[in-house]
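What follows is a short report on a single structure.
In what follows, every heavy atom counts, from backbone to side chain, and hydrogens, waters and symmetry copies are set aside.
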Amino acid sequence: QVQLVESGGGLVQAGGSLRLSCAASGSIFSISAMGWYRQAPGKQRELVATVTSGGSTNYADSVKGRFTISRDNAKNTVYLQMNSLKPEDTAVYYCRIIVVFKVYWGQGTQVTVSS
């Protein structure tokens with residue numbers, strides 16, 4: 001099995017920055033993709049950013065230019081650098097990793113942006 005441990009969430013003022021980390025451990029042979037999703041109260045979970053093992057990235061329009069996803073394949077870790085945070089970024093952020101067609105989710109980390 002695979003376990004994902006997230007860290008880096010917290011409370012910040014609008015315009016501030018946070019860096020989320022997600023480390024995967026367990027039976028990992030090959031990670032196809034890593035990504036970050038978020039879910040605000042009363043809303044559906046939505047894609048924030050993804051990165052493939054080859055380094056190709058994809059971002060939601062709402063975070064382009066502000067967030068940066070990166071990964072360290074040797075450490076099986078994915079990061080999300082969040083800059084210029086807005087109150088609408090407030091949500092629980094979840095790490096997702098795909099390993100040989102199996103999807104694994106992190107426990108979620110709360111990001112709260114105050115105005």
Side-chain angles (χ1 to χ4, degrees):
Q1 74 280 14
V2 174
Q3 297 83 41
L4 306 181
V5 179
E6 300 180 30
S7 63
L11 173 64
V12 298
Q13 297 181 27
S17 298
L18 284 174
R19 190 191 192 206
L20 306 183
S21 298
C22 176
S25 62
S27 301
I28 302 174
F29 299 98
S30 180
I31 298 177
S32 298
M34 295 176 158
W36 291 95
Y37 294 72
R38 67 187 182 186
Q39 187 167 22
K43 296 184 178 181
Q44 297 181 14
R45 187 172 298 186
E46 64 177 356
L47 181 148
V48 176
T50 60
V51 60
T52 67
S53 59
S56 179
T57 59
N58 183 54
Y59 297 91
D61 289 340
S62 60
V63 306
K64 286 182 178 178
R66 300 188 298 120
F67 291 9
T68 301
I69 188 170
S70 61
R71 82 281 184 270
D72 186 330
N73 290 338
K75 297 181 179 180
N76 291 326
T77 300
V78 62
Y79 307 92
L80 185 67
Q81 179 66 47
M82 305 184 293
N83 299 323
S84 302
L85 284 163
K86 305 175 181 179
E88 48 263 48
D89 294 319
T90 296
V92 176
Y93 284 70
Y94 297 91
C95 172
R96 188 184 80 159
I97 294 180
I98 300 175
V99 181
V100 194
F101 305 109
K102 297 186 68 176
V103 179
Y104 300 91
W105 291 92
Q107 81 280 4
T109 184
Q110 178 70 49
V111 171
T112 302
V113 184
S114 64
S115 59

Does any N or O in the side chain of D89 come within less than 3.5 Å of the main-chain N or O of V111, such that one atom is a donor and the other an acceptor?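 Absent.
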Which pairs pass disulfide bond (SG atoms under 2.5 Å apart) with one or both residues in residues 43-115, sequence neighbours excluded?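 Sorted pair list: C22-C95.
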Could you note down all residue pairs passing disulfide bond (SG atoms under 2.5 Å apart) where residues 50-80 supplies at least one of them, sequence neighbours left out?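 Qualifying pairs: none.
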Among residues at least two apart in sequence or on other chains, which ones pass side chain to side chain contact (heavy atoms under 4.5 Å, CB included) with [X]?
X   : result
S7  : S21
V51 : M34, T57, I69, R71, V78
S17 : Q81, N83

Which distance, rounded to the nearest 0.5 Å, do you find between the NZ of K102 and the CD of Q1? 9.0 Å
Nearest 0.5 Å, what's the CE-CZ distance between M82 and R66? 9.5 Å
Quick one: are I28 and I97 in side-chain contact, heavy atoms under 4.5 Å? no
Taking salt bridge (Lys or Arg N to Asp or Glu O under 4.0 Å) as the definition, give me every residue that meets it alongside [X], ordered by chain and number, with sequence neighbours left out.
X   : result
K64 : D61
R45 : none
E88 : none

Grab the two heavy atoms, one from [X] and one from [Y], that are nearest each other, plus how far apart they are.
X    : Y    : answer
S115 : P87  : CB-CG, 3.8 Å
L85  : L18  : CD1-N, 3.9 Å
I98  : R96  : CD1-NH2, 3.7 Å
T90  : Q110 : CG2-NE2, 4.0 Å
A24  : V2   : CB-CG1, 4.4 Å

In short, ring pair (Phe, Tyr, Trp, His ring centres under 6.0 Å) pairs touching residues 41-79 with sequence neighbours left out are none
Please collect all ring pair (Phe, Tyr, Trp, His ring centres under 6.0 Å) contacts where either partner lies in residues 81-111, sequence neighbours excluded, each pair once.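 Sorted pair list: Y37-W105.
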Going by the salt bridge (charged side-chain N to carboxylate O under 4.0 Å, His left out) test, which pairs reach into residues 2-28, not counting sequence neighbours? none
Using links of under 4.5 Å between side-chain heavy atoms of ILVMFWY residues, direct or through other members, which residues join L11 in one cluster? none
